[in-house]
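For reference, the structure discussed in these notes is given below.
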Amino acid sequence: MHVAVIGAGISGVSSALALARAGHRVEVFEQHGSIAAGASFADAGLMLPITLQALVRPRRGWRKLPAWLGGQKTTVTATQQAQRDTQRLLALSSTSLLQELTPALHLDHEHSQGWTLLLRTEKEQKALAPDLAQLTSAGIAHSLLDASQIRQLEPALNPEAPLHAALRLPGAAVVNTRQLSQQLRMAAQRAGARFHLDSSVQRITPGQPVQLQWQRSNPPPRAAASDGDTRPEPPSELSSPSGSGRFDAVLLCGGLGSAGLLRELGLKLPLRVAGGCSLTAPMSLPEAMPDPGPRSALTDSQQQITLTRLGDRVRATALWSEPDAKQQAQPDTVERLYAALDLWFPGAAKHGHHPVWQASRVAPADGAPVLGASGLPGLWLNLGHPTHGTALAMGAASMLTTLISGGSPLIDCSALSPQRWR
């Protein structure tokens, strides 16, 4: 089959790789000049095996979410539980696939193992009860540690910081999402996939075949965006010229850009916008002194800020943050990121002009991603991963590849299909 993938974030490149390895002829269209330039550019990189309520509850003052996402006391419906179970299976599949493909494809990206949720008070610990029950029910290894135990695992933690307890998931993977996306893109190219950068899809006409119209953008010269990573961008193919093409199937992974395309097709999915922000700073690593930074990734439950170790750098990520009127990071958000670093790992990173990333993500109203057939001929959807795109990317790509190929996937994703709102 000739398949087009729209969007080259972590979901798009994972899908392109899976489709190409399955023998399909794949072309990827990306509106930016590089891959993983939007919501996948500088995220926290968490590959948690389960969707935790503690990480989808924004800090006070953020936009209102549905009750079951906002941490209010409410009964989880059968549909919501099915969505959680499906995401858990996809996340476990992603972890398994990454472990399998890393040696097979010679993947080389910054990564670590283990994630910790820092709890400042007994009240925060009690609020974690639903997540603990879900972890136990799913059979996922976890432990609730006291302050002294977690400081043994993370010796650089500030001894003066207000730490009551911590939830530890030792099996959770942490990756540099952009680097992983680059590696997967190169593997997809070796498998035959073609990437058309600076190419914005203008229209999708469903049918057999599906028709695409795209427009090549010619942005003025500008400095390349950076997350502090000094690795060079993988070799790029020439951007495709403006034009149109016919495909047997189209997989829409375009993130924020998907909303307009869906509206033109009359697909009125309840999508909203969620913001995320991070800064990446070089570590202060003086000789003959203990390492002052985190060993893996930790999340401040109260502030919803994740601190991630990336080689000799540290990244602070606000899981929920509103941009300013120019779609840039707000100064108070950046200050909160520095404050979190100073609180938990004082001296690990100095204040300065470090790369700051602000992005907007598509978030369905019920908080669960949208995966599966759109209901229109030849059009498939893989979008709406506001906080767990990296964790689900490879599992979702594998499942959708099987469906597009006409097979029956091992994971039933009907609870995440676009038809759930009809």
Side-chain angles (χ1 to χ4, degrees), residues 7 9-15 36 38-58 65-66 68-71 80-98 111 115 117 130-131 134-135 138 140 142 167 169 171-178 180-181 253 255-256 258 271-278 297 299 301 304-306 308 315 317-321 359-372 381-400 411 413 415-416:
I10 184 64
S11 295
V13 293
S14 296
S15 299
S40 301
F41 185 75
D43 67 356
L46 301 180
M47 292 188 67
L48 302 183
I50 202 164
T51 301
L52 296 173
Q53 184 172 305
L55 295 188
V56 293
R57 182 180 61 245
L65 285 179
W68 74 280
L69 288 178
Q80 292 162 353
Q81 188 59 54
Q83 291 174 341
R84 294 181 181 185
D85 291 342
T86 303
Q87 291 178 81
R88 172 176 56 83
L89 293 174
L90 290 173
L92 293 173
S93 174
S94 290
T95 299
S96 178
L97 285 167
L98 181 59
H111 63 279
W115 169 78
L117 181 66
D131 283 333
Q134 188 182 186
L135 287 165
I140 295 174
H142 66 284
L167 171 64
L169 269 63
V174 183
V175 301
N176 183 324
T177 302
R178 181 166 179 259
L180 177 58
S181 298
C253 308
L256 192 63
S258 301
L271 303 177
R272 57 191 292 280
V273 177
C277 178
S278 74
T299 300
S301 176
Q304 294 282 283
I305 290 176
T306 296
T308 307
R315 174 169 296 160
T317 307
L319 302 179
W320 304 92
S321 65
S360 295
R361 305 159 292 182
V362 169
D366 58 6
V370 184
L371 303 175
L381 304 182
N382 179 8
L383 50 88
H385 306 274
T387 61
H388 37 60
T390 303
L392 302 184
M394 300 187 78
S398 176
M399 183 276 298
L400 285 165
I411 301 174
C413 289
L416 304 179

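Quick caveat, the model's predicted, so the values are computed rather than measured. Positions are given from 1 along the sequence.
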Count the heavy atoms of every other residue, nucleotide or ligand shown that sit under 6.0 Å from NE2 of His111, and state whether that count exceeds 12.
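12 or below, so no.
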Quick check for you: to the nearest 0.5 Å, what is the distance between [X] atom [atom1] and [Y] atom [atom2]?
X: Leu90; Y: Leu97; atom1: CG; atom2: CG; value: 10.5 Å
X: Ser258; Y: Leu271; atom1: OG; atom2: CG; value: 8.0 Å
X: Cys413; Y: Leu89; atom1: SG; atom2: CG; value: 8.5 Å
X: Leu117; Y: Leu169; atom1: CG; atom2: CG; value: 9.0 Å
X: Trp320; Y: Arg361; atom1: CH2; atom2: CZ; value: 6.0 Å
X: Ile10; Y: Phe41; atom1: CD1; atom2: CZ; value: 14.0 Å

Tell me the closest heavy-atom pair linking [X] and [Y], and the distance in Å.
X: Ser94; Y: Gly395; value: OG-N, 2.7 Å
X: Arg88; Y: Ala138; value: CD-CB, 3.4 Å
X: His385; Y: Ser11; value: CD2-OG, 3.7 Å
X: Gln87; Y: Pro369; value: OE1-CD, 3.4 Å
X: Thr390; Y: Leu46; value: CB-O, 4.1 Å
X: Ser93; Y: Ile411; value: CB-CD1, 4.1 Å

Quick check: do [X] and [Y] have side-chain heavy atoms less than 4.5 Å from each other?
X: Arg84; Y: Gln53; result: yes
X: Leu416; Y: Gln83; result: yes
X: Ile50; Y: Gln134; result: yes
X: Val370; Y: Val362; result: no
X: Leu392; Y: Leu371; result: no
X: Val175; Y: Met47; result: yes
X: Leu319; Y: Ile305; result: no

Partners passing side chain to side chain donor-acceptor pair (under 3.5 Å) against Ser14 (at least two apart in sequence or in another chain):
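Here no residue qualifies.
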Can a donor-acceptor pair be found, under 3.5 Å and without considering hydrogens, that links the side chain of [X] to the backbone of [Y]?
X: Thr86; Y: Ala82; answer: yes
X: Arg178; Y: Ser40; answer: no
X: Asp131; Y: Ala54; answer: yes

What I want to check is whether the side chains of Thr299 and Thr306 have a donor and an acceptor closer together than 3.5 Å.
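Note: Thr299 and Thr306 side chains meet the donor-acceptor criterion.
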Hey, are Asp366 and Gln80 close enough side-chain-wise for a donor-acceptor pair under 3.5 Å?
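Note: Gln80 and Asp366 side chains miss the donor-acceptor criterion.
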Test side chain to side chain contact (heavy atoms under 4.5 Å, CB included) on Leu383 and Cys253 and set out the steps.
CA-CA 5 Å; Leu383 50 88; Cys253 308; over 6 Å; no
Under the criterion side-chain hydrogen bond (donor to acceptor under 3.5 Å, both in side chains), which of Thr308, Asn176, Thr177 is the partner of Asp43?
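Only one option passes, and that is Thr177.
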With side chain to side chain contact (heavy atoms under 4.5 Å, CB included) as the criterion, how do Leu52 and Leu135 come out once you've worked through the C-alpha distance, each side chain's angles and the decisive distance to 0.1 Å?
CA-CA 9 Å; Leu52 296 173; Leu135 287 165; 4.3 Å; yes
